[in-house]
Amino acid sequence: MSAHGWSGPASRLLVSFLAVTILPAAALFWLSWRSLEQDRLLEAERVRKRCEQAADLVVTALQQELAALELRLDDSAPSGGEVFRVVFAGDRVEMRPPHRLLYYPVAPAGREAPEQIFPAGEALEFRDRDYVRAAAAFRELTKSSDPAIRAGAWLRMARNLRKSGKPEEALAAYEAMTGCGPVLLGGVPADLVARRARFAVLEELRRTTDARREADSLARDLDAGRWLLDRETYRHFAQEIGHQPPAETAALAAAVEWLWKRRQEAPAGREAVTAGGRQWVMLWRGESGLAAGPRYVDRAWFAPLAPLLKSQGVRLVRDGASSAGDAQRTAAATGLPWSLQVASADPGADTRQFAARRRFLLAAVGLFSALVCAGSYLIARAVNRELAAARLQSDFVAAVSHEFRTPLTLLRQTTEAFVEGRAGNEAERQGLYQAQTRATERLHRLVESLLDFGRMEAGARPYRLRPTDAAQLVRGVVEEFQSEMASSGCSVELTVEPPAPVVDADPDALTHALWNLLDNAVKYSPACRTVWVHVSGRDGEVAIAVRDRGLGIPPGEQREVFRKFVRGEAARLDGIKGAGIGLAMVAHIVEAHRGRVELESTPGEGSTFTILLPGRG
Ligand code: ADP
């Protein structure tokens, strides 16, 4: 197992850490989400209540306004651009302030000429077809003192003049007819009939400009309400001269006509009526009514509500399509002329606020979760490291004990041999002495090594650097090592590239480092008994390379093996003894010499450890 991988108990540790942190974070998130949702519903409820409240206020204000108006219907009703009192006097309709409507529900009756006056002339006209004499007969009657008879006579005379091919004279007759005053012909004002006829004659004569002028002045008078006409008569004459009635005035006339009919069904009421694409509000009671046009309604009734609506943050819609959340007030329920809807003035603002709160919450929970996860990861990693260190340490203790056991066993056996007198001759005794010496030296080196390591760890290992001939030092170590290893059949091949480099070094420490490398090279080369050492100077540095053709180190372990207590996978699997501190000490010593260690290794092919020390220049 690599010391820092996540596997086995370590990954289980991480998973449980994450579980205990992620679960509460998820629960927190869920709870916050729920409370937000609740918040949103509450907000919607608040908006609805606000609308309801505003709707009540609006309805009350409008009801008061209309009730006050209804009390004043009989006397001083407001007047202005688009509001009129309508007075019904018998079959007459009058507007206050005085205003002539385009047409009236009922046209007033007027004086008409008695029918029995004209038969003589008409006999000449229709039976004898003697238009000249007929015209002459009617001309006589134009001298009558009765304006109604005069008007009827002028009309008939003009007709006969037209028939007898005297249109100019007919025009003059019609002109004279317009001066007969307010008399009716067949229920229609005589001068209106005369002017319409003049227009027809002018058109016949193709006096287009005159005809147009006549039509324009007639249209003006029609629109100004010069005559009290009913709707049919007005429409007929307007159509005859190709006149399109102005929408606004036509709407008022239509509204009054509607009211005329409506009040026959209901003696009092408040209603909105749409005429000519414009909505008029009609209030009426008994003989009096009030017609309020859209501009007046907006200005006098709804504009004063604006501050109220604004303060409540709502908007008011009349007869609009309703939407969820609106407060509805139907005309039937309120007795007002309209159905009203009150809705939030800026529904987007509520949603925006909510979305902002939600974003904030998500960000906060996200940040919190990230912090918690990061925290648990770090804790898990630290705990894992501690566990790994503890494991390494216990491995170390086991390995050190093992290392001690071999020389101690040897010592015990040789000592026993002496005690029991089994060492017979001198040669055997010498052999036992040498074995004892080797075991003691090994123990000594082990103890020294451990003490050294302890001092290094504590930062208490003093280094006394002095100019040292690197080649000479290496040669000495190699020789000593070789003599130590002679019995195991190992050989070390040393090559030195002259000139001999000089470095600042602590000879003891450097010897120790080199010894460790040589020891490893032999230890991890079970098949090859040769180790190569090469000393050279390159780029102002001294390189001491120790090469073997042993097990090699996989790339994943090449950095780790320099850490204390770390042992390679192969070393452990092959049961090669070691405490895992040799390379850590090498690294420490080389670092103290301001040098570095390089490692090139291929598993199965061998390794080269190179100590690089700065040359003395
Ligand atoms: P030890 O040899 O006591 O295990 P070291 O610190 O000297 O401890 O070495 C650490 C590890 O590096 C060894 O366990 C071994 O896996 C690896 N190693 C060191 N030197 C060599 C080498 N020359 N060839 C192969 N592996 C090596």
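When reading the values below, keep in mind they use all heavy atoms of this one structure, side chains included, and skip hydrogens, waters and symmetry mates. Just so you know, ligand 1 is whichever comes first in the structure, and atom 1 is the first atom listed for that ligand.
- Taking a cut-off of under 4.0 Å to the non-hydrogen atoms of I581, the atoms of ligand 1 that pass are 6 (O), 8 (O).
- Counting heavy atoms closer than 4.0 Å to ligand 1, residue F562 contributes nothing at all.
- Scanning the protein for heavy atoms near atom 21 (C) of ligand 1, the closest one is Y524 CD1, 3.3 Å.
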### Task
Would you sort out whether E600 and R547 count as a salt bridge (charged side-chain N to carboxylate O under 4.0 Å, His left out), showing the intermediate values?
CA-CA 9 Å; E600 279 171 44; R547 182 165 67 85; over 6 Å; no
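- Looking at ligand 1, you'll find an N or O of G582 within less than 3.5 Å of one of its N or O atoms.
- Not one N or O of L551 is nearer than 3.5 Å to an N or O of ligand 1, by distance alone.
- H593 places a side-chain N or O within 3.5 Å of a backbone atom of D506 that can act as its donor or acceptor partner.
- Ligand 1 is approached by G580 to a heavy-atom distance shorter than 4.0 Å.
- Set against the non-hydrogen atoms of K523, the atoms of ligand 1 under 4.0 Å away are 1 (P), 2 (O), 3 (O).
- In terms of protein heavy atoms, atom 4 (O) of ligand 1 is closest to R567 NE, 2.5 Å.
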### Task
Check the pair Y296, F302 against ring pair (Phe, Tyr, Trp, His ring centres under 6.0 Å), reporting the backbone distance first and the verdict last.
CA-CA 9 Å; Y296 175 80; F302 284 96; over 10 Å; no
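- Side chains of D452 and H512: a donor-acceptor N/O pair is present below 3.5 angstrom, by distance only.
- Not a single side chain to side chain donor-acceptor pair (under 3.5 Å) links S483 to another residue, sequence neighbours left out.
- For ligand 1, the atoms closer than 4.0 angstrom to any heavy atom of I553 are 18 (N), 25 (C), 26 (N), 27 (C).
- For A579, the closest heavy-atom approach to ligand 1 falls below 4.0 Å.
- Between D298 and R318 there is a salt bridge, since a side-chain N of the basic residue sits under 4.0 Å from a carboxylate O of the acidic one.
- Annotation: atom 6 (O) of ligand 1 to nearest protein heavy atom, L583 N, 2.8 Å.
- A salt bridge is absent between E560 and R567; no separation between the charged side-chain nitrogens and carboxylate oxygens falls under 4.0 Å.
- H588 and E457 share no donor-acceptor pair across their side chains, judged by distance under 3.5 Å alone.
- The protein heavy atom nearest to atom 7 (O) of ligand 1 is N520 ND2, 2.8 Å.
- Side-chain contact, Q430 with E426: a donor N or O sits under 3.5 Å from an acceptor N or O.
- At least one heavy atom of V566 lies less than 4.0 angstrom from ligand 1.
- Using a 4.0 Å cut-off between heavy atoms, D548 contacts ligand 1 through its side chain alone, with no backbone atom that close.
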